[in-house]
Engineer: 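To start, I am sharing the structure in question, which I have written as structure tokens.
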Amino acid sequence: MTSDTQQKAIVVYGASSEHIDPAYKEAAYELGRLIALSDIAVVCGGGRAGLMKAAIEGAVDAGGCAIGVLPQFMVDRQWQHPRLTRMVATPDMHSRKSAMAGMSMAAIACPGGCGTFEELLEMITWRQLGLYHGPVVILNTAGYYDPLIEMLDRSIEQGFRRGDHRQLWHVADTPAMALELALTADDNPVIPQQNL
């Protein structure tokens, strides 16, 4: 899903909800800020609320680039953040996710709901299938993702996945650790394609 000609960017997934603990927003803002200070663009869903908003504002406030990728129906409803450096409109949700992955060298999932879960799990699956080669990092702010991480481990323990599939994702407790893993983690784990 990535190309050699892509610009240096990290895709950030996260909630669009505003009705969440401010600690989650603070972590997403700091993540956006740190990515920008590393001279890397933030690619995200481009929304004007929640953790997407926080990551965008963190990046832009630090003088960085925030690229929002939104399906046309969201653009028509003006759901995009007004401070985006650049906006990319896609025909639908499926092409949105593919475009976001295609622009990125790594993916970081902040806390979120079903949409964020889907994006994170799809990226892990794409890595398993050899379709995405960048690191996938779970930003586990305040232990939010503990139940999902437990479920991923359980799927291995119960034989639904192989033990080496744990190499497909990394877990970070802080934005700084998430960025470090996104930049330094082994981005090409050897996952045999048989018995997936």
Side-chain angles (χ1 to χ4, degrees), residues 1-22 24-127 131-134 136-139 141 144 175 178-179 182:
M1 291 291 174
T2 57
S3 72
D4 294 335
T5 59
Q6 71 188 13
Q7 91 177 80
K8 199 172 179 185
I10 293 175
V11 61
V12 175
Y13 302 117
S16 60
S17 174
E18 285 289 339
H19 308 289
I20 54 177
D21 190 308
Y24 297 125
K25 296 177 186 178
E26 291 164 11
Y29 181 94
E30 178 67 1
L31 179 63
R33 188 183 78 83
L34 291 174
I35 292 172
L37 292 175
S38 298
D39 199 26
I40 299 169
V42 169
V43 174
C44 69
R48 58 172 56 238
L51 302 192
M52 281 187 283
K53 171 186 174 182
I56 290 165
E57 293 181 355
V60 174
D61 287 350
C65 177
I67 303 166
V69 183
L70 297 95
Q72 188 61 49
F73 80 89
M74 289 185 180
V75 177
D76 294 342
R77 296 174 187 177
Q78 299 184 350
W79 289 357
Q80 67 270 26
H81 195 294
R83 294 182 66 196
L84 287 171
T85 310
R86 181 160 63 98
M87 188 187 72
V88 176
T90 64
D92 51 45
M93 293 292 284
H94 294 292
S95 53
R96 175 200 208 187
K97 292 187 296 178
S98 181
M100 290 166 71
M103 293 178 181
S104 69
M105 57 187 247
I108 300 175
C110 297
C114 290
T116 305
F117 299 158
E118 184 212 8
E119 289 163 331
L120 169 60
L121 292 173
E122 185 165 53
M123 291 298 271
I124 290 171
T125 302
W126 284 0
R127 273 179 57 84
L131 300 175
Y132 186 80
H133 301 288
V136 175
V137 181
I138 300 170
L139 177 51
T141 304
Y144 178 80
L179 178 57

Engineer: Which heavy atom of P111 sits nearest to which heavy atom of L139, and what is that distance?
Structural biologist: CD-O, 3.7 Å

Engineer: Quick one: does R83's side chain have a donor or acceptor within less than 3.5 Å of a partner on E57's backbone?
Structural biologist: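 Between the backbone of E57 and the side chain of R83 there is no qualifying donor-acceptor contact (under 3.5 Å).
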
Engineer: Identify the two heavy atoms, one from A107 and one from Y13, that lie closest to each other, and give their separation to 0.1 Å.
Structural biologist: CB-CE1, 4.0 Å

Engineer: Are more than 12 heavy atoms, taken from residues, nucleotides or ligands other than D92, located less than 6.0 Å from that residue's CG atom?
Structural biologist: yes

Engineer: Roughly how far apart are T116 OG1 and M52 CE, rounded to 0.5 Å?
Structural biologist: 7.0 Å

Engineer: What's the shortest heavy-atom distance between A89 and V75, and which atoms?
Structural biologist: CB-CG2, 4.2 Å

Engineer: Show, in sequence, the C-alpha distance, side-chain angles and deciding distance for H81 and V60, and conclude whether the side chain to side chain contact (heavy atoms under 4.5 Å, CB included) test is met.
Structural biologist: CA-CA 11 Å; H81 195 294; V60 174; over 6 Å; no

Engineer: Do V11 and E119 make a side-chain contact, defined as non-hydrogen atoms from C-beta onward lying under 4.5 Å apart?
Structural biologist: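 Answer no - side chains too far apart.
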
Engineer: Rounded to the nearest 0.5 Å, what separates atom NZ in K25 from atom NZ in K53?
Structural biologist: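 Reported value, rounded in 0.5 Å steps: 7.0 Å.
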
Engineer: If I take atom CD from residue E30 and atom CD1 from residue I35, how far apart are they, to the nearest 0.5 angstrom?
Structural biologist: 10.5 Å

Engineer: Taking the side chain from R86 and the backbone from I67, do they hold a donor-acceptor pair closer than 3.5 Å?
Structural biologist: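 A pair under 3.5 Å: no.
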
Engineer: Taking C-beta and beyond as the side chain, do M105 and I40 meet within less than 4.5 Å on heavy atoms?
Structural biologist: yes

Engineer: Shortest non-hydrogen contact from I10 to A182?
Structural biologist: CD1-CB, 4.1 Å

Engineer: To the nearest 0.5 Å, what is the distance between SG (C44) and CD1 (I108)?
Structural biologist: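 It is 12.0 Å, given to the nearest 0.5 Å.
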
Engineer: Please check if the side chain of R48 supplies one atom and the backbone of Q78 the other of a donor-acceptor pair under 3.5 Å.
Structural biologist: yes

Engineer: Flag the pair V42 / I56 as yes when at least one side-chain heavy-atom distance between them is below 4.5 Å, and no otherwise.
Structural biologist: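 Of all side-chain heavy-atom pairs linking I56 with V42, none is under 4.5 Å.
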
Engineer: If we ignore hydrogens and angles and just use 3.5 Å, is the side chain of R33 paired with the main-chain N or O of A59 as donor and acceptor?
Structural biologist: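 Judged by distance alone, no pair lies under 3.5 Å.
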
Engineer: Looking at side-chain heavy atoms only, is the closest gap between K8 and D39 below 4.5 Å?
Structural biologist: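 Contact flag for K8/D39 side chains = no.
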
Engineer: Hey, what do you get for CD1 (I20) to OH (Y144), rounding to the nearest 0.5 Å?
Structural biologist: 9.0 Å

Engineer: With distance as the sole test, does Q80 use its side chain to make a donor-acceptor pair with the main-chain N or O of G47 at under 3.5 Å?
Structural biologist: no

Engineer: How about C110 and T141: do any of their side-chain heavy atoms sit closer than 4.5 Å?
Structural biologist: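 Contact flag for C110/T141 side chains = no.
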
Engineer: Closest approach of D61 and Y29, non-hydrogen atoms and distance?
Structural biologist: OD2-OH, 2.7 Å

Engineer: Roughly how far, to the nearest 0.5 Å, is CG of L31 from CD of E26?
Structural biologist: 13.5 Å

Engineer: Measure across S104 and Y132 and return the closest heavy-atom pair with its distance rounded to 0.1 Å.
Structural biologist: OG-OH, 2.8 Å

